[in-house]
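See below for the structure under consideration.
As a basis for the values below, the full set of heavy atoms in this structure was taken, side chains included, without hydrogen atoms, waters or symmetry mates. For this chain, numbers begin at 1 and follow the sequence in order. This one's a predicted model, so the numbers in the text were calculated from it and none came from an experiment. We count ligands from 1, going down the list as the structure has it; atoms in each ligand are counted the same way.
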Amino acid sequence: MNAPEILLKDTLFLADTHEVVNVSRELVDYNSYLQDAALQEAVRREGAAWAQDDLTAFGNLTGSADYLALGVLANRYGPELETHDRFGNRIDLVTFHPAYHALMKTSIEHGLHSSPWTDPGPGAHVARAARTYMHTQVEAGHGCPITMTFAAVPSLRTDPGLAKVWEPRITARVYDPRNVPDARKQGLTIGMAMTEKQGGSDVRANTTRAYPIGAEGPGEAYELVGHKYFVSAPMCDAFMVLAQAPGGLTCFLLPRWRPDGTRNPLQVLRLKRKMGNVSNASSETELRGALAWMVGEEGRGVRTIIEMVAMTRFDCMVGSAAGQRAAVAQALHHCSIRSAFGKVLNQQPLMRNVLADLVLENEGALALTMRVARAMDNRADRHEDLLVRLCTALGKYWICKRTPNHAYEAMECIGGSGVMEDGPFPRLFRESPVNAIWEGSGNIQCLDVLRAMQKTPEVIAAFFHEVAKARGASATLDRWVGALHKEFNDHADVEYRARDLVDRMALAIQAAVLLQHAPTCVADAFCASRLAAGGHRNYGTLPRGVDCAAIIERATPRA
Ligand SMILES: Cc1cc2nc3c(=O)[nH]c(=O)nc-3n(C[C@H](O)[C@H](O)[C@H](O)COP(=O)(O)OP(=O)(O)OC[C@H]3O[C@@H](n4cnc5c(N)ncnc54)[C@H](O)[C@@H]3O)c2cc1C
């Protein structure tokens, strides 16, 4: 044997360091509908059983490995802005990775931006929410323009003339990302530009001005001059914008191109450098005499755009509940494979406590979201309409705010690899605070709940009527609701106490929905952990007697 041969053999021997065992595998190629018992139950009970087949097919797509990869790519290669072409002409062009366009195309072709408007009826909002829930688990960022397009319709309808021209193309199931005038497109997307530097929550501080070009009033043309500090998805074909008209803050529809085929001067200054929500381009823009048509009454801009805002808040509930599902599905999957100290992790008593607790959070979030979706399908009923008014604010506040810590705790279930950028958790974690902050941050939602109660006191009766549907099912909930009743009689410092009040209302209504419809093991554990004395602390503090195995079993996706 000569020397080089000895070296080669030794190297091969030394390189064989270990066998890869006891590690997880990707959660792919599973049906994200059929593997989600809570989602299927919610769809059936809230009126969308007719959509089963469609949702099953959609779940197959959204759980497939190839499709899940689109979500990774759309965030790894984020959008880029080109303000000018090489000759110096303004182009205000944002380019996206093809994966982003593929996600947009699927969303639009499946009506995530429009189905309740084009095909209203029992379960329409519920079915759309279910599809959005599954698609958001693949990728959240592209959902921003989808939501804004969906949400624009009720506000746009306040001007029947504009709605007649725009709505058919806004609701069409055609995705056309070309940077060309809307007249050349069959399908359009809509953005929203309210926030300015000096005031986001308080839009009354807006300084953007609207000047009439000729005749004044609803449906008439104006030119807008000012800045907008957050304009997401600036490649949308038109934007709902708030600006100061002579008669006060007013809503406008502003197209990206003028009807004569020239560029409307909505100039994108730069894209935001966001910690999460990377696939979605969010921009700072200037309006330099941009053409726009007045929507709704002059001086009633907030009232006009509020319907759009209510819809986007609902989608924040769907989106954050979906973020929770994505996180807990990963944690459950991992802990069904990985062993430590002689047992698979989901058999370790303390890990069972953590996993079951994470599942309960998601069950509560989904149950409330889908209950509100049914209310949206039945707004002709006064009780349901009042629920929509109250619960889009209450639910947006509570569910979105619960999500970041949920994402973090699910990440910890994976251990060290949970922190790594080649897994799903960094994206889930960085996405998790966004819904809580935009479309009205936490305090704003709580103040909106108070406003609803002051302006429309019937919402209080509607709330108690809704939670009373579960009366007698749990002594813990009955006590909780009794204490809440007393809170409503105490009007002192109500603004200071708003978070405390809304927290307790949110938990009550989540518990009531679960007690009526969820398996006993879920509903009882939810009440025991969230409503009993001491309240909910860290995840993994479920009291004795909870059937963790059953809660975990029903939620664990099988790939
Ligand atoms: C990723 C991203 C994309 C966005 N895209 C868009 C978009 O497309 N279009 C758009 O118009 N906007 C967009 N926004 C802006 C977003 O809606 C605002 O940031 C949000 O409404 C808060 O406004 P602000 O940033 O000015 O904060 P502020 O209004 O200054 O609020 C700061 C804090 O003060 C609290 N606060 C405010 N008033 C009160 C009060 N009276 N009592 C107690 N607390 C109060 C708020 O809850 C918040 O926590 C986007 C934001 C983000 C993060």
Discussion item. Tell me whether the NZ or CZ atom of R128 lies within the 45° cone about the ring axis of F150 and under 6.0 Å from its centre.
Written reply: yes
Worksheet item: Can you tell me which residue and heavy atom of the protein come closest to atom 9 (N) of ligand 1, and the distance to 0.1 Å?
Response: M192 O, 2.8 Å
Discussion item. Checking a contact table here: which protein heavy atom is nearest atom 32 (C) of ligand 1, and how many Å away?
Written reply: S201 OG, 4.9 Å
Worksheet entry | Salt bridge present between D500 and R504 (N-O < 4.0 angstrom) | yes
Fill in: atom 24 (P) of ligand 1: the protein heavy-atom neighbour that sits closest, reported with distance to 0.1 Å
G200 CA, 3.8 Å
Practice prompt. Any atoms of ligand 1 less than 4.0 Å from a non-hydrogen atom of V231? List them with their elements.
Written response: 8 (O)
Discussion item. Taking atom CZ as the centre, does R204 end up with more than 12 heavy-atom neighbours from other residues, nucleotides or ligands that are less than 6.0 angstrom away?
Written reply: no
Practice prompt. Classify the angle between the aromatic ring planes of F429 and Y408 as parallel (below 30°), tilted (30 to 60°) or perpendicular (above 60°).
Written response: perpendicular
Fill in: Electrostatic pair D448-R389, nearest N-O below 4.0 angstrom
yes
Practice prompt. Could you list which atoms of ligand 1 come closer than 4.0 Å to a heavy atom of K274?
Written response: 1 (C)
Item to complete: Output the list of atoms in ligand 1 that are nearer than 4.0 Å to some heavy atom of S282, sorted by atom number.
Response: 3 (C)
Practice prompt. Please identify which atoms of ligand 1 are closer than 4.0 Å to at least one heavy atom of I444.
Written response: 37 (C), 38 (N), 39 (C), 47 (O)
Item to complete: Considering the heavy atoms of S232, write down every atom of ligand 1 situated less than 4.0 Å from one of them.
Response: 3 (C), 4 (C), 5 (N), 6 (C), 7 (C), 8 (O)
Worksheet entry | Ligand-side contact atoms (ligand 1) for residue partner M194, heavy atom cut-off under 4.0 Å | 10 (C), 11 (O)
Worksheet item: Are the ring centres of W117 and H125 closer than 6.0 Å?
Response: yes
Discussion item. For atom 43 (C) of ligand 1, what is the closest protein heavy atom, and at what distance to 0.1 Å?
Written reply: N443 ND2, 3.4 Å
Worksheet item: Is L447 near ligand 1, meaning one of its heavy atoms is under 4.0 Å from it?
Response: yes
Worksheet item: Which residue supplies the protein heavy atom nearest to atom 46 (C) of ligand 1, what is that atom called, and how far is it?
Response: S441 CB, 3.9 Å
Discussion item. I'd like to check atom 2 (C) of ligand 1 in this structure: does the protein have a heavy atom lying under 4.0 Å from it?
Written reply: yes
Practice prompt. Verify the neighbour count for atom CZ of F464: are there more than 12 heavy atoms of other residues, nucleotides or ligands below 6.0 Å?
Written response: yes
Worksheet item: Within a distance of under 4.0 Å, is there any protein heavy atom near atom 34 (O) of ligand 1?
Response: no
Worksheet item: For atom 30 (O) of ligand 1, is the nearest protein heavy atom closer than 4.0 Å?
Response: no
Discussion item. Does anything in residues 281-296 form a side-chain hydrogen bond (donor to acceptor under 3.5 Å, both in side chains)? List the pairs, not counting sequence neighbours.
Written reply: S232-S282, Q267-R288, R270-E284, K272-E284, K274-S282, E286-R288
Practice prompt. Output yes when R374 and D377 qualify as a salt bridge under the 4.0 Å nitrogen-oxygen rule, no when they do not.
Written response: no
Worksheet item: Around atom NZ of K185, are there more than 12 heavy atoms of other residues, nucleotides or ligands at under 6.0 Å?
Response: yes
Item to complete: Return a yes/no value: protein heavy atom under 4.0 Å from atom 13 (C) of ligand 1?
Response: yes
Worksheet entry | Minimum-distance protein heavy atom relative to atom 25 (O) of ligand 1 | F230 CE1, 4.5 Å
Worksheet item: Considering V434, T195, V278, V241, which one's heavy-atom position lies nearest to atom 18 (C) of ligand 1?
Response: T195
Practice prompt. Decide, yes or no, whether a salt bridge links R530 with D357 under the criterion of side-chain N to carboxylate O below 4.0 Å.
Written response: yes
Fill in: Where ligand 1 meets E439 - atom numbers and elements under 4.0 angstrom, heavy-atom basis
17 (O)
Worksheet item: Do D92 and R263 sit within salt-bridge range, that is, some charged N less than 4.0 Å from a carboxylate O?
Response: no
Worksheet entry | Those atoms of ligand 1 less than 4.0 Å from some heavy atom in I437 | 20 (C)
